[in-house]
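Protein chains get the first letters and strands the later ones, always in sequence-line order, with residue 1 at the start of each.
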Amino acid sequence: MMNIVHYIYREVHYRIVQKNPMLKNNPARYNHALKIALSMKRGLSYQFLSYLIFGFFSGMGVFVISSLDVISTYVVFLSIIPFIFAVFITSVQGSNVVYMGVFEPLKPLPLKLGSKYLSFYLLLEILPSLGIVLPTSIVIAIKYPLPGIISFFWFLTGIFLGHIIGLLILVLFGLKIRQRAGKSELLVNIVRAILFFLFFGIFYAFVYMQKYIMEHSGEWAGLIGRYSIIFPFSSGTIFHPLFSTVLLILYMALLMPVYYLLIRRIWDRIMEPRVVFGEKEIKEYKVKSKPTPFTLIGKDMKILIRRTALLAGFLITLYIVFPQIFMVLSTGKFPMLNAVIILIMIGAFSAGGIDAILKVDINAIEFLRTLPLRKRDFVMGKIISMSVVPWGIGIAILILALYYNGLYALILIPHVFLLPFIASSVVMLYYFHYKEEDIGIPDLKKTDLIVLFLILMLIMGIISIPLIFHLIWVSEIVAFAIFLILLIFLRR
Amino acid sequence: MDGISFKVENGEIYGFLGPNGSGKSTTLKILAGVLKPTSGRVEIEGIDVVSNPVEVKRIIGYVPETPTLYESLTPAELFSFIGGIRGIDEKILKERVNRFVEAFEIGKYMNQFIGTLSFGTKQKISLIASFLHDPRVIIMDESMNGLDPKSARILRELLIRFRDEGKSIIFSTHVLPLAEMICDRIGLIYEGRLIAEGTMDELREKAQEENLEDIFLKLTKSKDEMANIIQALQEVL
């Protein structure tokens, strides 16, 4: 049995690495990813250890808490995290198994295949997320042995419940989600993008959660008591061992048949895949011809939203800047100078999305080379695509600045648009300053990235000098001058 | 590749034949401006491919051996993308897409992601993508691969029609009867060198063989070798 599960694990992870455009053109990263992907032990341990780091901080938090109400509330909130992980991992990996057809090579072999392999594989994929909660359970168990053990079973139940919901998502949407592109597909992609951000946002939420619980545990204690049979509130009953254990048994009794039904359903689809292609005749489609820059940007945006690995890289500026925005806003004030500093920071980190933006074309680069596309147009398209996320964050900052400072904040408009454009232009000029018309995907070496970072810091530093004297408009004139110089280079 | 030199006239179908790894695809990629030659000169309609690749790409349609398309786009989105890059008028683009989609029967796949489609359907999309701008020169690398018989026939008829309109067509194939049927001239490449070139009659005379398969095997020195290979296989099976 382990042999088959091992094969499935290796196959799924190998194909994920192969399909990940972020790893192409970078043999070191590719080999490292492949090394982890092909070893189940290494892959799972690696994930477990990553989660354990967060789990360790969580356990430390519980260690210093003495109030039972606070610990109960903490367990309730903490159980949500592996639950969300389980939903995400099950739906993603389950859909990978179905789409990649990893069971296909096994079908002609004299093997008795069954849903147990799929089930075992998916559960293995989720288990590392226990690393987030294990230290907390251990710490509670040291102080209060029985509640500590029960808390661990509630965390397990949360993971199992998340796994079942993930399977349900897979049964309901899994086989349709990537097939067609229409209005509903666009909606699904936007939801995926938001979910993806939330998934990473969990770590920010995690830090905030500890602070929140300490301040509001009293209010939550009442709520936990009132809704104690519903997950996640049910995990707050750990200090009522008998009630909690009965609830756990009831949960398992309810979840096991649902789990069995869902896994069987997915297994049936794997064994006899539904042929979705050509099921119905679709003759309505739209073909539009737009000017070259819009065509290039539109293509980039569509691919970025549809490929999760690229989306993560594309949103990188957001991850970097978000905590700073969060910290500034938590003070309840937003002076203009702070707004400008954040805008400059957005500008400096705008280039973070370059890897994802360039990798959009990596699988179709030969096709792109067959088209009469000028390098200048390609570069300009990429600059604008790279600026989309920073512009979006910049506009959000502008709205906040307007809210706190009134119409005077409109003075920030040039910085909102110019700084990301400047940073993106510098990066693209750095990589595409050669004479030939060839369009390629440059290999982003660490040394290049360091040099680029230094150049960008220098430019942003020059733009920031007038801010020392609170002269925002002078800073904008400097930015505009740099923008004009870059435009001249880009036109060449 | 070593010293390959040939010329294709307007209104001519030029077949490019050779064993696997002989340099066919490399030659065609250089012609299409996808690869750069280390030395030598390539001109299409008087325009140098190396120094002016963008201008050459405006007038050619290149179909690669394996379709490498944007897998996360739908065929409709891909054709729109090509229309935008090539500056094809929207009305003309719609008309051409509709015609080709109908001819190759891919209407039901137009809103599906290309990555989810079969090899044959991807090949059809690749063919349509290279014909949309009505190219004056068509370069095709084993483009019949994966096509169903009906589509292969349509493509064959299309190529003949393109030739009659005065377009130049260069294509490589392993389907020798097809080459024999539609090519005006054939070039035989072996180990990176053009070892024979001419009409079917000229090749027959050179090899002293009747059909193209025998001519091919004789000129690539594979005829005697084949008998030995078959005998060796029979011994182990």
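Interface remark: of the candidates A:Asp438, A:Leu296, A:Thr295, A:Thr295 forms the most heavy-atom pairs closer than 4.5 Å to chain B. Ranked by heavy-atom pairs under 4.5 Å with chain A, the list B:Ile85, B:Val34, B:Leu93 is led by B:Ile85. When each of A:Thr292, A:Ile439, A:Leu371 is scored by its heavy-atom pairs under 4.5 Å with chain B, the top score falls to A:Leu371.
B:Glu105 and B:Lys150 are joined by a salt bridge, as a carboxylate oxygen and a charged side-chain nitrogen come within less than 4.0 angstrom of each other. Ion pairing between B:Glu77 and A:Lys299 fails under the 4.0 Å rule for side-chain N and carboxylate O. With respect to the salt-bridge test (charged N to carboxylate O, under 4.0 angstrom), the residues B:Glu12 and B:Arg163 do not qualify. Between B:Asp148 and B:Lys124, at least one side-chain nitrogen of the basic residue sits less than 4.0 Å from a carboxylate oxygen of the acidic one, meeting the salt-bridge criterion. Contact check on B:Lys94 versus B:Glu90 returns a salt bridge, with a Lys/Arg side-chain nitrogen under 4.0 Å from an Asp/Glu carboxylate oxygen. Between B:Arg161 and B:Glu157 there is no salt bridge, since no side-chain N of the basic residue sits under 4.0 Å from a carboxylate O of the acidic one.
When heavy atoms are compared at a cutoff of 4.5 Å, A:Lys288 approaches chain B by way of both its backbone and its side chain. For B:Lys36, the part lying near chain A is the side chain, with the backbone staying farther off; criterion is any non-hydrogen pair under 4.5 Å. Using a 4.5 Å cut-off between heavy atoms, B:Val101 contacts chain A through its side chain alone, with no backbone atom that close.
Within residues 375-387 of chain A, no residue has any heavy atom closer than 4.5 Å to a heavy atom of chain B. Residue-level contacts of residues 51-68 of chain B with chain A, in order of numbering, are B:Pro53, B:Val54, B:Glu55, B:Lys57, B:Arg58, B:Tyr62, B:Pro64, B:Thr68; threshold 4.5 Å between heavy atoms.
Atom CG in B:Leu194 sits 10.5 Å away from atom OG in B:Ser22 (nearest 0.5 Å).
Taking the six-membered ring for Trp, B:Phe171 and B:Phe16 have ring centres at least 6.0 Å apart.
Environment of CZ in A:Phe294: sparse, with no more than 12 heavy atoms of neighbouring residues, nucleotides or ligands closer than 6.0 Å. No more than 12 heavy-atom neighbours from other residues, nucleotides or ligands sit within 6.0 angstrom of CZ on A:Phe489.
Inter-residue side-chain proximity for A:Met301 and A:Val388 is flagged as met; some heavy-atom pair is nearer than 4.5 Å.
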(request) Could you walk me through whether B:Tyr70 and B:Ile114 pass the side chain to side chain contact (heavy atoms under 4.5 Å, CB included) test, one step at a time? (result) CA-CA 7 Å; B:Tyr70 287 103; B:Ile114 292 169; 5.5 Å; no
